[in-house]
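Counting convention: from 1, in listed order, for ligands and their atoms alike. Just so we're clear, the structure is a prediction, and the values are computed from it rather than from any experiment.
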Amino acid sequence: MADIRLEDVGHSYDGGRTWAVRPMTWTWRSGRAYALLGPSGCGKTTLLNIMSGLITPTTGRVWFGEREVTSVPTAGRNIAQVFQFPVLYEEMSVYDNLAFPLRNRRYPKDEVDRRVRAVSRMLGLDAHLGRRSRRLDPGRQQIVSLGRGLVRSDVAAVLLDEPLTVVDPAIRWTLRSTLKEIHRDTGHTLVYVTHDQTEALTFADEVVVLKDGAIVQAGEPAELFLSPAHEFVGHFIGSPGMNTLPGEVADGLVRVGGQVVGRADEPLPAGPVRVGVRPEFARLGDGPGSPGLPAEVTAVDRMGAYDLVHVRAGGHPLVARAEAGSPYEPGAAEFVRFTGGRVFLFRDEVRCGQVVPLNGRAG
Ligand SMILES: Nc1ncnc2c1ncn2[C@@H]1O[C@H](COP(=O)(O)OP(=O)(O)OP(=O)(O)O)[C@@H](O)[C@H]1O
């Protein structure tokens with residue numbers, strides 16, 4: 001297996017008027033499990049199809065290790081692909097469907113049997129191996145398709161395009177951890193397309209966030225949560241997502257609604273900024289001294305495990321997270337303190353700095 005490298009790769013469906021995938025240079029490292037995460041229409045499937053060879057990109061070159069494959073069709077790329085809906089031979093048994101990709105590559109018979117049974121066991125298909133595939137419900141057929149994608153060990157990559165959509169939500173969690181287990185076992189390079197942050201964060205070693213055809217940030221799940229480099233990542237990841245408040249920087253001070261929140265950690269030209277803080281790092285009740293703002297509670301959502309406290313701070317709505325059963329009630333005046341050194345400044349959606357206490361380090 002080798003890295004898959006996209007060199008200035010972009011794709012337009014309309015002769016260059018708009019880009020479904022904007023020209024990008026990016027490497028999928030061999031053996032890693034990636035989630036390709038983004039909203040509908042951001043270019044995930046197009047990017048996946050460029051890797052698999054279903055689409056020849058409008059610009060740029062695709063490399064599998066030292067081999068350029070830009071114009072090589074799918075069959076010549078040694079890729080396994082799993083789609084949103086089942087793709088299998090309905091008249092064949094589940095066993096034969098799983099064995100098909102191996103027999104096709106002339107794996108020895110006992111190796112075929114060993115691999116089919118290993119994948120079947122992990123995906124919970126043992127009781128169905130002898131059944132004709134068309135007799136299975138669509139969810140289980142999709143699990144067989146997943147098995148077909150994972151059964152070979154010698155593929156350049158396994159590309160999965162929203163593979164669990166038709167699977168019963170109750171078993172999606174189990175399947176995601178099974179996929180991780182299979183990944184650990186085989187060391188495949190996996191690229192898993194999803195628009196669901198939970199799916200991405202629970203599955204991947206690395207999450208690649210795509211917006212409007214461009215990668216805006218890639219990193220481990222914790223990094224995307226704790227240190228969003230782009231406003232979109234702050235909003236799209238987290239539940240609820242990051243608060244963003246319109247603010248101003250002048251002489252190193254950051255203000256929201258005319259109130260000083262804190263100081264910018266590095267020199268920034270004066271002008272508007274957006275101040276981003278996740279609900280998890282917005283705490284009520286402590287006095288000034290760290291970055292923060294006076295706030296008035298407007299509503300409290302009692303979520304069971306925790307409370308979400310809605311406030312107006314500096315004239316803008318903001319959500320803070322509190323312990324379950326917190327004492328806050330609508331109308332109460334509080335101070336919302338930004339904790340953990342995780343208040344970020346954004347300009348043109350891109351992070352340009354951080355807010356720190358007026359005198360001292362990030363609080
Ligand atoms: N065959 C096509 N012809 C023209 N435009 C297309 C075609 N396929 C996709 N597009 C457009 O390209 C952009 C990216 O689409 P793509 O399907 O890659 O996004 P996606 O992130 O996978 O979306 P979804 O999650 O809805 O499948 C969208 O604006 C889409 O309308």
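Looking at Arg103, its side chain never comes within 3.5 Å of a backbone N or O of Arg106 through a donor-acceptor pair. Of the possible polar contacts, one joining the Thr74 side chain to the Ser52 backbone as a donor-acceptor pair under 3.5 Å is found. Under the 3.5 Å distance criterion, the side-chain polar atoms of Arg5 are left unmatched by any main-chain donor or acceptor of Val62. A donor-acceptor pair under 3.5 Å is absent between the side-chain atoms of Ser93 and the main chain of Arg132, judged by distance alone.
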Result block: side-chain N/O donor-acceptor pairs under 3.5 angstrom for residues 207-225, not counting sequence neighbours:
from: Gln217; atom 1: OE1; to: Ala229; atom 2: N; distance (Å): 2.8
from: Gln217; atom 1: NE2; to: Ser227; atom 2: O; distance (Å): 3.1

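For Phe281 and Phe338, the ring centers are positioned 6.0 Å apart or more.
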Protein N/O near ligand 1 N/O, under 3.5 Å, which pairs?
from: ligand 1; atom 1: 8 (N); to: Tyr13; atom 2: OH; distance (Å): 3.4
from: ligand 1; atom 1: 18 (O); to: Thr46; atom 2: N; distance (Å): 2.9
from: ligand 1; atom 1: 18 (O); to: Thr46; atom 2: OG1; distance (Å): 2.5
from: ligand 1; atom 1: 19 (O); to: Gly43; atom 2: N; distance (Å): 3.1
from: ligand 1; atom 1: 21 (O); to: Gly41; atom 2: N; distance (Å): 3.4
from: ligand 1; atom 1: 21 (O); to: Cys42; atom 2: N; distance (Å): 3.1
from: ligand 1; atom 1: 21 (O); to: Gly43; atom 2: N; distance (Å): 3.0
from: ligand 1; atom 1: 21 (O); to: Lys44; atom 2: N; distance (Å): 3.0
from: ligand 1; atom 1: 21 (O); to: Lys44; atom 2: NZ; distance (Å): 2.9
from: ligand 1; atom 1: 22 (O); to: Thr45; atom 2: N; distance (Å): 2.8
from: ligand 1; atom 1: 22 (O); to: Thr45; atom 2: OG1; distance (Å): 2.8
from: ligand 1; atom 1: 23 (O); to: Gly41; atom 2: N; distance (Å): 2.7
from: ligand 1; atom 1: 25 (O); to: Lys44; atom 2: NZ; distance (Å): 3.0
from: ligand 1; atom 1: 26 (O); to: Ser40; atom 2: OG; distance (Å): 2.6

